[in-house]
Amino acid sequence: MSIKLAVPCLLLLAGPAAAADPLPAAIAAPGETVVLSVHAEGAQVYECKAGTDGKLAWTFREPIATLLYEGKTVGLHYAGPNWEHADGSAVAAKAAGNAPGATPADIPWLKLEVNAHRGSGVLTPATTVQRINTHGGKLDGACDKAGEFKSAPYSAEYIFLKKG
């Protein structure tokens, strides 16, 4: 009897993991292959600035995050945006597409085109970076004092891809 129960439970566990949802078209990278996939934990940093209407509002300034692979720190993500791997390789990129996060509190998913390489290592062949599965990172509410900084914790997955 316990064997009959175990098999359906195993199938339930395998089912969702085997069938991943396709990425939104705006951030998809058809024909590209994965170089590295990492988990990021950090914060999105905002600055209180006057907008075009003269009113103070939180403006995105920069990300700061630790890149993790299998639970171990393997790099950093910071303003630019830049990603640095512990092996000395690094890339900078510019946004090329976006899709909404899962909730209003989540920063958008992004597709970024690599526009600079430094060093040599695992990130050297990367041509595209995708930011997916974002949680948090958005900062809402009024700001009272120009020049004030606030951060909003976030996590995401960064997928580094290469063409071909």
Side-chain angles (χ1 to χ4, degrees), residues 17 20-51 56-141 143 145-164:
D21 291 331
L23 292 176
I27 65 161
E32 296 191 38
T33 57
V34 175
V35 172
L36 177 68
S37 178
V38 295
H39 178 73
E41 291 282 341
Q44 299 284 308
V45 180
Y46 295 84
E47 183 177 358
C48 185
K49 285 186 171 181
L56 292 176
W58 292 112
T59 304
F60 175 71
R61 181 181 165 95
E62 63 190 334
I64 181 95
T66 300
L67 303 178
L68 304 159
Y69 181 77
E70 295 182 349
K72 294 186 167 108
T73 299
V74 295
L76 297 172
H77 171 46
Y78 54 90
N82 286 279
W83 295 263
E84 273 187 24
H85 193 275
D87 69 6
S89 61
V91 294
K94 63 179 169 95
N98 69 72
T103 76
D106 301 332
I107 54 176
W109 292 17
L110 296 177
K111 175 182 179 180
L112 303 108
E113 293 175 354
V114 172
N115 56 12
H117 291 86
R118 295 185 312 280
S120 181
V122 70
L123 297 180
T124 301
T127 54
T128 303
V129 181
Q130 291 169 320
R131 177 177 76 188
I132 64 170
N133 300 331
T134 58
H135 294 286
K138 279 200 178 167
L139 185 62
D140 289 325
C143 60
K145 184 178 166 193
E148 184 177 33
F149 295 92
K150 246 189 190 173
S151 61
Y154 90 105
S155 66
E157 306 302 319
Y158 287 99
I159 320 275
F160 300 88
L161 303 156
K162 67 177 179 179
K163 295 196 184 329

Donor-acceptor contacts under 3.5 Å from residues 85-94 side chains, at least two apart:
| residue | atom | partner | partner atom | Å |
| --- | --- | --- | --- | --- |
| His85 | ND1 | Asp87 | N | 3.1 |
| His85 | ND1 | Asp87 | OD1 | 3.3 |
| Asp87 | OD1 | Ser89 | N | 2.9 |
| Asp87 | OD1 | Ser89 | OG | 2.7 |
| Asp87 | OD2 | Val122 | N | 2.7 |
| Ser89 | OG | Val122 | N | 3.4 |
| Ser89 | OG | Leu123 | N | 3.1 |
| Lys94 | NZ | Glu113 | OE1 | 3.4 |

* To do: Specify whether Trp83 and Phe160 have parallel, tilted or perpendicular ring planes, treating 30° as the upper limit for parallel and 60° as the lower limit for perpendicular.
  => perpendicular
* Asked: For Thr103, which residues count as a side-chain hydrogen bond (donor to acceptor under 3.5 Å, both in side chains) partner, sequence neighbours excluded?
  -> Asp106
* To do: Decide if atom NZ of Lys138 counts as having more than 12 heavy atoms of other residues, nucleotides or ligands within a radius under 6.0 Å.
  => yes
* side-chain hydrogen bond (donor to acceptor under 3.5 Å, both in side chains) involving Lys163 - partner list, sequence neighbours excluded -> Glu32
* To do: Identify the heavy atoms of Ala40 and Leu67 that sit nearest to each other, and give their distance.
  => CB-CD2, 3.9 Å
* To do: Measure the spacing between CG of Leu23 and CG of Asn133 and express it to the nearest 0.5 Å.
  => 8.5 Å
* Separation between CZ of Arg118 and CG of Asn82, rounded to the nearest 0.5 Å -> 4.5 Å
* **For Ala156, side chain to side chain contact (heavy atoms under 4.5 Å, CB included) partners two or more places apart** => Arg131, Thr134, Tyr154, Tyr158
* To do: Any chance you could measure Lys162, atom NZ, to Thr127, atom OG1, to the nearest 0.5 Å?
  => 9.5 Å
* To do: With sequence neighbours excluded, tell me which residues meet salt bridge (Lys or Arg N to Asp or Glu O under 4.0 Å) with Glu47.
  => Arg61
* Distance, nearest 0.5 Å, that separates OG1 of Thr33 from CG of Leu161 -> 7.0 Å
* Structure fact -> Quick note, ring pair (Phe, Tyr, Trp, His ring centres under 6.0 Å) partners involving residues 26-47, not counting sequence neighbours, are Tyr46-Phe60
* Can you sort out the partners of Pro100 under side chain to side chain contact (heavy atoms under 4.5 Å, CB included), two or more places apart, ordered by chain and number? => none
* Report the residues that fulfil side chain to side chain contact (heavy atoms under 4.5 Å, CB included) with Ser120, sequence neighbours left out, ordered by chain and then residue number. => Thr124
* CD1 on Ile132 to CG on Leu110, rounded to 0.5 Å -> 11.5 Å
* Asked: How close do Gln44 and Pro63 get, heavy atom to heavy atom, and via which atoms?
  -> NE2-CB, 3.7 Å
* **salt bridge (Lys or Arg N to Asp or Glu O under 4.0 Å) against Lys49, all qualifying residues, sequence neighbours excluded** => none
* salt bridge (Lys or Arg N to Asp or Glu O under 4.0 Å) partners of Glu62, counting only residues at least two apart -> none
* Under the side-chain hydrogen bond (donor to acceptor under 3.5 Å, both in side chains) test, which residues partner Tyr69, sequence neighbours left out? -> none
* To do: Please name all residues satisfying side chain to side chain contact (heavy atoms under 4.5 Å, CB included) with Cys143, sequence neighbours left out, ordered by chain then number.
  => Cys48, Leu56, Trp58
* **Closest heavy-atom pair and its distance - Pro81, Leu112** => CG-CD2, 3.9 Å
